[in-house]
Every structure is written in structure tokens, then in C-alpha cells.
Amino acid sequence: MSKLSNPKETIAVVSQYDFDFRKRFGQNFLVDEGVILRALEAAQVGEEDVIFEIGPGIGTLTQYLCEAAHSVAAIEIDRKLIPILEDTLKKYDNVRIINEDVLKTDLLDLAREYEAGRMNQPGQKHLLKIVANLPYYITTPILMALMQQRVPAQSVTVMVQKEVADRMTARPGSKDYGSLSIAVQYYSRPQIVEIVPPESFIPRPKVTSAVVRMELYEEPPVEPADEKLFIAITRAAFEQRRKTLVNALGSNQALSCSKDSIREALEKMGKSPSVRGEALSMEEFIQLSDLLSAAQTQA
Ligand code: SAM
């Protein structure tokens, strides 16, 4: 079978199997070889690498991954795509097709099976990298799961909506800066690799896309005393971004921080009590989270 990375081959496979694209699974298949090759280069896929691909679709990107990497585990939720993948990938003996919802897959366990570990660990032969054209409807839950579960990947290279890529890489004070920017930048060093137009997919999505490469930190450079509280605080701070931090955090039931304790913490940080979340850097959110965590312990 020839490569699927062009409209003609993709349409041929889709018609051969009478496959109906399912919008609810975010199915937009890549038909642009240039984009695939540049994503592979950005991910620096090498012959000892183990790749986890999320949402292989009909196997377009997977074909290239199989040729460049040691092995590939491709996790696809749509059971109608499984016989297609078995056909389009039949010439590769280094791929495993897993018919599961990635949000329910134990990726740590899967990594262990492949003995794929973090960079620089003694005795580790294989580096784990994640490469995917993500289903856009669950981009944030997938990214958060990969990062918070500390899936031992060296890097994550993903196609996302451009608007999400802008949020992932935004700096404090910009309109795109929010809880996703802080979470992504806490766990990794993100970089936009390429902007991708709707014409690079079948069917065409309504939005522009972007490839983002995140190099995951083995240990975050700055760590809060309570990581869960830190993430919860950043979420609450941007849920209603026009509110001051005192009001946004103080009125959040899940946090149980009094407005007085928040004012006190901000004062210790030399911040105005009317400051908003968008003005605080990630390091300042960590400081705030540590002060509030200490206040909760004392109470
Ligand atoms: N990788 C293919 C490509 O680039 O042509 C397809 C990418 S398409 C944007 C997203 C893929 O993710 C679809 O095949 C879809 O069925 C799959 N998908 C959606 N939700 C999923 C989930 N929860 N777990 C695993 N795969 C999922």
C-alpha cells in the first residue's frame, strides 16, 4: 500500500471501507506529507525511540512513525478504524494497534511494557516520545493527563488548534495567558513548530491548526509544596478572568481559601489586593499556592 498522506489515497481508503467521518471523535485526517515530515523532524524521531500515537485515524502519520522509530503503539477509540489500520499498516511489524479511549489507557503501564523511560536514566535503551494529530475536542484533558500522570516521555509533539497552541505558549499579561499556559509551562518547554491551514486535512476543520513540540522536564525547575493545590488555584484564577484573585479564589468552593488568607498572602508577595491572575507569572502562582497551603495547614 502506498502512503496515505495525500487526498487521493485517503479518499480511496475511506471509500473502500465505506467509512463515515465522525465529528464527535474529532476526525480530520492529514493529507499533507510536508506537514508530517516537519512534525517528525521536530519530534526528532529516531530509530531507538518508542512512539505513542494518540488517534491514528487511518494510519497516515503512523506509517511514517513506523518507518522512523523502533516501535509504535497507536491508541484509537473508533473500532470502525481498526480493520482499516490493520490493512494500511500490515507491512509494519513494529506497530501495535490499541482500540481504547486514550483517557482510560494506563500509559505508565504501557511505557513500562516497552521499557521506555525518561532521557538520561541509566540502562534505558528506548526514549518514549508522543506524537499525534490530536482530536481537538479533548486536547486539554489529554495534555493534562500526560503531564499530571508524569508519563515518562521525553517530548510530546502534537497538532492542536492554533488558538490552543497560542494559549500553551502565552506569557503573563497577554490575552491568551491562562491556566493552560501555566500548566504546560510548569511541566515542559513548549514551542510552536508550524502553523497548519485547514487544507492540510480531510475533512477540512473550521479552524487553523498548529504543531507544538513540548520538551518535558524530568523535574519541573520550580516546584510547589502541593502540586494539586497549585493547579487548582491556577484554574480557579482564570475561570472568571475579569475577577480579582481575591474574589476568584475566595469564592471558589473547591479551594476553601478565605478572602482574608488570600489578601494576606498577596501582601506578603508585595502584590496589590486587586491584582488579577493574568498579572502573575507561574513562579508567583507557585509562591501564592505555597503561602495558601501553609495557611491551610496552620488553620
Ligand atoms: N492521526 C490521524 C491523522 O493525522 O490523519 C487522525 C487524527 S484525527 C484529528 C484524531 C483521531 O483521534 C481520530 O482517528 C479519532 O477517532 C481519534 N480519537 C478521538 N477520540 C479519541 C480518544 N478518546 N482516544 C483515542 N483516540 C481518539
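Just so you know, ligand 1 is whichever comes first in the structure, and atom 1 is the first atom listed for that ligand. Note that this is a predicted model, so its numbers are computed, not measured. Throughout, numbering of the chain's residues begins at 1 and tracks the sequence.
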Closest heavy-atom pair and its distance - Glu199, Val31: O-CG2, 4.1 Å
Show the atom names and distances, to 0.1 Å, of all donor-acceptor pairs under 3.5 Å that link a side chain in residues 39-50 to residues at least two apart or in another chain.
{"unit_1": "Asp49", "atom_1": "OD2", "unit_2": "Gly46", "atom_2": "N", "d": "2.6"}
{"unit_1": "Asp49", "atom_1": "OD2", "unit_2": "Lys129", "atom_2": "NZ", "d": "2.8"}

Output every pair passing ring-ring contact (aromatic ring centres under 6.0 Å, His included) with a member in residues 234-289, not counting sequence neighbours, ordered by first then second residue. Tyr177-Phe238, Phe238-Phe285
Do other residues, nucleotides or ligands put more than 12 heavy atoms under 6.0 Å from Lys243 NZ? yes
With a 4.5 Å limit on heavy-atom distance, are the side chains of Asp78 and Gln27 in contact? yes
Ligand 1: protein N/O within less than 3.5 Å of ligand N/O:
{"unit_1": "ligand 1", "atom_1": "1 (N)", "unit_2": "Glu53", "atom_2": "OE2", "d": "3.4"}
{"unit_1": "ligand 1", "atom_1": "1 (N)", "unit_2": "Gly55", "atom_2": "O", "d": "2.8"}
{"unit_1": "ligand 1", "atom_1": "1 (N)", "unit_2": "Pro56", "atom_2": "O", "d": "3.4"}
{"unit_1": "ligand 1", "atom_1": "4 (O)", "unit_2": "Asn133", "atom_2": "ND2", "d": "2.8"}
{"unit_1": "ligand 1", "atom_1": "5 (O)", "unit_2": "Leu30", "atom_2": "N", "d": "2.8"}
{"unit_1": "ligand 1", "atom_1": "14 (O)", "unit_2": "Gly57", "atom_2": "N", "d": "3.3"}
{"unit_1": "ligand 1", "atom_1": "14 (O)", "unit_2": "Glu76", "atom_2": "OE1", "d": "2.7"}
{"unit_1": "ligand 1", "atom_1": "16 (O)", "unit_2": "Gln27", "atom_2": "NE2", "d": "2.9"}
{"unit_1": "ligand 1", "atom_1": "16 (O)", "unit_2": "Glu76", "atom_2": "OE2", "d": "2.6"}
{"unit_1": "ligand 1", "atom_1": "20 (N)", "unit_2": "Tyr137", "atom_2": "OH", "d": "2.8"}
{"unit_1": "ligand 1", "atom_1": "23 (N)", "unit_2": "Asp101", "atom_2": "OD1", "d": "2.9"}
{"unit_1": "ligand 1", "atom_1": "24 (N)", "unit_2": "Val102", "atom_2": "N", "d": "2.9"}
{"unit_1": "ligand 1", "atom_1": "26 (N)", "unit_2": "Ile77", "atom_2": "N", "d": "3.3"}

Selection residues 53-82 - residue pairs positive for ring-ring contact (aromatic ring centres under 6.0 Å, His included), sequence neighbours left out: His70-His126
